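These numbers come from a predicted model, not from an experiment. In the text below, chain A, chain B and the rest are named by the order of the sequence lines, each starting its count at 1.
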Amino acid sequence: MPAYQRPRGTQDVLPEATAKWRRLEALIAGHSASFGYGEIRTPIFEESDLYTRTSGVSSDIVRKEMYTFKDRGGRLLTLRPEGTAGVGRAYLENGLPSAPQPVKLWYLGPMFRYDRPQAGRFRQHTQYGIEVFGAASPLADVEVILVAHELFAAAGLTRLVIRLNSIGCPACRPAYRAKLVSYFEGRVGDLCEDCQDRFRENPLRLFDCKNERCRALLLGAPMSADNLCPECRSHFARVKEGLGSLGLRYADDPGLVRGLDYYSRTVFEIVYDPAGTGGNEAGGAAKDEAGGGSHRVLCGGGRYDGLVEELGGAPTPGVGFGLGVERLLATLEAEGLEAAGEGGTTGLSAGVVYVATVGPAAEIAGFGLARRLRRAGFVAICDLLGRSLRSQFKAGDRAGARWMLIIGDEELAAGVVAVRDLASGKQTSVPADEVLAELGRGAQS
RNA sequence: GUGAAUGUAGCUCAGUCGGUUAGAGCGCCAGACUGUGGCUCUGGAGGCCGCGGGUUCGAGACCCGUCAUUCACCCCA
């Protein structure tokens, strides 16, 4: 027995493993860049209040999981338990609301939670995450989910299920909450102790309980997705429509919630499902979060339209996800996969392409085209705000795009894409499946 | 830890002797151009004047405190 051991819930990564880490990190960096996300690095500790404010005093994080300490100057600080709050703080503090919108960021780094360690759960773990600020459109939700899903796909994982739900917004949630409360009012006694607390403090979090009796009661409870206002309903429908037309399988999971006030509308998880059951078990068996068993939650995210305002900024829509890198690595290992890191060979040297679209049908087509371009090594950026073509051109110009691809009703009807070389101003119309070749020709010259 | 300087819009800065509604340039958003970027023009959003107290009829300005930042020193990866 050595004199010292690493602290409970932490890990040493030895040379053989760090090589795998590096390859996965390279994949993540290249992948994020290919969607037009920029890397942000924020401090590993922040003022404690930032987390109590954003996660909420009733959350598990604040109640029992934060590593909080006082520094020598008497400041109350906390090792970051998650990434979004710090990124939101940085977004405001660095004047990013005045940068071209939307602002798309990614981060990778250690997070700290005082929790019972178990398979796939540590006190220090590494999280990769992305955040999109300033885009209210369902397209942004779709892109965020796509970024996560495509990363797994690029790493070689296939048996994935996207669990999807909508938890409404400040307009429809109060009425839903009231419905939920009245459903449980007479049954409080049947709930476990934790749930009795939840019932009082934040009834939405009842859905997080793993206790069998509670889950049985939840089966008959009113579900948020059935109680959305018209705006939330149409938002949710458009997210699903987008995922569907990109060929991403998803399963409605009415029991999926985020109990924090600043979350709104879309919430999702991506679950590794080796049995390939499809996982439509709405409100059914308890989920095995950490992944000792069959299911493994690799990634969780959602929309948080209230966060920036909570931090003192102007009302600003936001959406993002966080992903546990240790879990991903472990999953890849279990599948006998190696993260096929970019290794600098394919790189992203092919150039930046902005895919401009006019109309909802074109938006989806643009997403599909952008996906093909990224796989060929391009950085491909799509509009997430439903802006005018003119604005999209400006955005593309500022993003440093070499090419502008234009898809509208005319192009869709003719099965073509307009390709404009922004340097020369030359524009040609080419069949949709020849776009890559056309860009290749342009790159030669 | 020691000393000094500085805090006005996202950024760089004006703001007269203490006086009425705090400005400019850049950036951002939008329009001119209803499907086309850079250039130009027009419009718009954006401010707890770091925070707290004091002096004064009146404070962005003066005084005190506090917090933050920057620089130098000390130390250090």
Could you measure between the two [atom1] atoms, the one in [N] and the one in [M], and give it in whole Å?
N     : M     : atom1 : result
B:C17 : B:C62 : P     : 11 Å
B:G52 : B:G37 : P     : 47 Å
B:C13 : B:G50 : P     : 15 Å
B:G60 : B:G19 : C1'   : 13 Å
B:U66 : B:G1  : P     : 14 Å
B:G15 : B:G53 : C1'   : 25 Å
B:C76 : B:U6  : P     : 31 Å
B:U40 : B:G25 : P     : 13 Å

Partners passing ring-ring contact (aromatic ring centres under 6.0 Å, His included) against A:Phe35 (at least two apart in sequence or in another chain): A:His31
With sequence neighbours excluded, tell me which residues meet ring-ring contact (aromatic ring centres under 6.0 Å, His included) with A:Tyr91.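 ring-ring contact (aromatic ring centres under 6.0 Å, His included) check on A:Tyr91 returns A:Phe133.
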By salt bridge (charged side-chain N to carboxylate O under 4.0 Å, His left out) - contacts of [X] (at least two apart):
X        : value
A:Lys240 : A:Asp252
A:Glu131 : none
A:Glu335 : A:Arg159
A:Arg41  : A:Glu39

Name each donor-acceptor pair under 3.5 Å that joins a side chain in residues 364-371 of chain A to protein atoms two or more places apart or in another chain, with its distance.
residue, atom, partner, partner atom, Å
A:Arg371, NH1, A:Glu150, OE2, 3.1
A:Arg371, NH2, A:Leu246, O, 2.5

Give [X] one of three labels, base, sugar-phosphate or nothing, depending on what nucleic acid heavy atoms sit under 4.0 Å from its own.
X        : answer
A:Leu96  : nothing
A:Arg420 : base
A:Glu411 : base
A:Arg75  : sugar-phosphate

Within 45° cone of A:Phe112 ring axis and under 6.0 Å: A:Arg123 NZ or CZ: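 Output no; distance or angle outside limits.
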Should we count CZ of A:Phe199 as having more than 12 external heavy atoms under 6.0 Å? yes
Is there a side-chain contact between A:His235 and A:Arg303 in this structure, where contact means two heavy atoms from C-beta onward sitting under 4.5 Å apart? yes
Partners passing side-chain hydrogen bond (donor to acceptor under 3.5 Å, both in side chains) against A:Ser388 (at least two apart in sequence or in another chain):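 Residues passing side-chain hydrogen bond (donor to acceptor under 3.5 Å, both in side chains) with A:Ser388: A:Ser391.
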Donor-acceptor pairs under 3.5 Å, side chain of residues 309-319 of chain A to any protein atom, not counting sequence neighbours: which ones?
residue, atom, partner, partner atom, Å
A:Glu310, OE2, A:Arg53, NE, 2.9
A:Thr316, OG1, A:Ala314, O, 2.7

Just to be sure I understand the geometry, which residues of residues 387-395 of chain A put a non-hydrogen atom under 4.0 Å away from RNA chain B? A:Arg387, A:Leu389, A:Arg390, A:Ser391, A:Phe393, A:Lys394
Any stem touching RNA chain B, meaning at least three consecutive Watson-Crick or G-U pairs under 3.5 Å, ordered by first number, would be B:1-7 with B:67-73, B:10-13 with B:23-26, B:28-32 with B:40-44, B:50-54 with B:62-66
Give the first and the last nucleotide of RNA chain B, reading 5' to 3', that has any atom under 4.0 Å from a heavy atom of chain A. B:G10 to B:A68
